[in-house]
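For reference, the structure is listed below as structure tokens.
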Amino acid sequence: MDELPVINRTYESYKAAVEITNHLEKKWRYSLGQSLEETILALMQELIMAKNAPKHLKAPYLIRASSHVEIATLKLRLFLELDLANETKIFQLQAKFAEIGRQLGGWLKSVNS
């Protein structure tokens with residue numbers, strides 16, 4: 001894919017989240033698992049909108065994307081606290097979101113300067 005690295009990382013995160021969701025118990029799959037997937041898709045949508053927006057309109061999309069990263073991180077924390085999925089996979093996904101957050105911060109900083 002010829003996309004920005006932050007979009008590629010988000011895409012990878014979505015695939016990992018789908019894999020985690022597929023292994024959840026049914027009651028969690030259609031609540032917390034689906035909610036996590038929707039949050040990541042909303043994040044991807046904001047990133048693509050920011051990529052295609054004129055420079056002076058990018059900041060609001062990036063701020064919304066940043067909020068989606070934070071929400072996804074909290075949902076992953078809930079996965080850990082409720083012991084719903086493999087800890088290693090959750091930690092790997094949290095690391096990807098930390099990287100996405102750093103990339104978003106850099107992008108937002110470059111847009112605001």
Side-chain angles (χ1 to χ4, degrees):
M1 285 175 32
D2 189 32
E3 293 290 337
L4 296 172
V6 68
I7 294 174
N8 285 334
R9 179 70 67 195
T10 304
Y11 179 79
E12 293 168 10
S13 298
Y14 179 72
K15 289 193 311 186
V18 167
E19 186 173 320
I20 289 169
T21 299
N22 286 337
H23 292 93
L24 290 176
E25 293 177 29
K26 190 174 185 176
K27 75 177 188 178
W28 295 111
R29 184 180 314 144
Y30 296 108
S31 56
L32 188 56
Q34 187 173 359
S35 175
L36 175 62
E37 289 178 20
E38 290 169 359
T39 300
I40 299 170
L41 288 173
L43 166 61
M44 206 174 322
Q45 180 178 345
E46 297 296 340
L47 292 172
I48 291 170
M49 293 294 289
K51 176 186 135 193
N52 293 305
K55 185 173 181 174
H56 67 283
L57 296 176
K58 289 182 187 291
Y61 292 116
L62 296 175
I63 291 168
R64 282 193 298 271
S66 183
S67 71
H68 288 301
V69 169
E70 192 169 341
I71 291 166
T73 302
L74 286 172
K75 288 177 182 176
L76 287 172
R77 185 170 137 197
L78 192 55
F79 271 81
L80 282 174
E81 290 176 2
L82 296 174
D83 197 29
L84 299 177
N86 182 319
E87 284 186 5
T88 304
K89 290 184 179 187
I90 298 296
F91 288 138
Q92 289 170 344
L93 194 50
Q94 283 179 325
K96 286 180 183 180
F97 276 110
E99 177 65 22
I100 291 167
R102 282 191 294 277
Q103 291 174 336
L104 265 176
W107 191 3
L108 188 56
K109 192 174 181 179
S110 74
V111 165
N112 288 332
S113 60

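Hydrogens, waters and symmetry mates are skipped; everything else that's a heavy atom, side chains included, is used.
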CA sep, side-chain torsions, deciding dist, call: Lys15, Glu19, salt bridge (charged side-chain N to carboxylate O under 4.0 Å, His left out): CA-CA 6 Å; Lys15 289 193 311 186; Glu19 186 173 320; over 6 Å; no
Without swapping roles, check the side chain of [X] against the backbone of [Y] for a donor-acceptor pair under 3.5 Å.
X	Y	answer
Lys75	Leu32	no
Lys58	Lys51	yes
Arg29	Leu24	yes

Glu81 atom CD, neighbour heavy-atom count above 12 within 6.0 Å: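 Yes, CD of Glu81 has more than 12 neighbouring heavy atoms, counting only those of other groups under 6.0 Å.
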Distance-only donor-acceptor check, side chains Thr21 and Gln34, under 3.5 Å: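 The answer is no; no qualifying pair exists.
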Considering non-hydrogen atoms only, spot the tightest contact between [X] and [Y] and give its length.
X	Y	answer
Glu37	Val18	OE2-CA, 3.7 Å
Ile63	Leu108	CG1-CD2, 4.1 Å
Gly33	Phe79	CA-CZ, 4.1 Å
Trp107	Leu62	CE3-CD2, 3.3 Å
Val111	Ala59	CG1-N, 4.0 Å
Leu57	Pro60	O-CD, 3.3 Å

Verify the cluster assignment for [X] and [Y]: are they in a single hydrophobic cluster under the rule of side-chain heavy atoms below 4.5 Å apart?
X	Y	result
Leu47	Leu4	yes
Tyr61	Leu43	no
Val69	Phe91	yes
Ile48	Ile100	yes
Leu74	Ile40	no

Find out whether [X] and [Y] are in side-chain contact, i.e. whether some heavy atom of one side chain is under 4.5 Å from a heavy atom of the other.
X	Y	answer
Leu78	Leu84	no
Tyr14	Leu36	no
Arg64	Met49	no
Leu76	Leu80	no

All side-chain contact (heavy atoms from CB on, under 4.5 Å) counterparts of Glu70, not counting sequence neighbours: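 Counting only residues at least two positions away or on another chain, Glu70 forms no side-chain contact (heavy atoms from CB on, under 4.5 Å).
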Straight-line distance of [X] [atom1] to [Y] [atom2], nearest 0.5 Å:
X	Y	atom1	atom2	answer
Glu3	Met44	CD	CE	10.0 Å
Lys55	Asn112	NZ	CG	9.0 Å
His68	Leu41	NE2	CG	10.5 Å
Ser66	Glu46	OG	CD	11.0 Å

salt_bridge(Glu99, Arg102) N-O dist < 4.0 Å: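 Yes.
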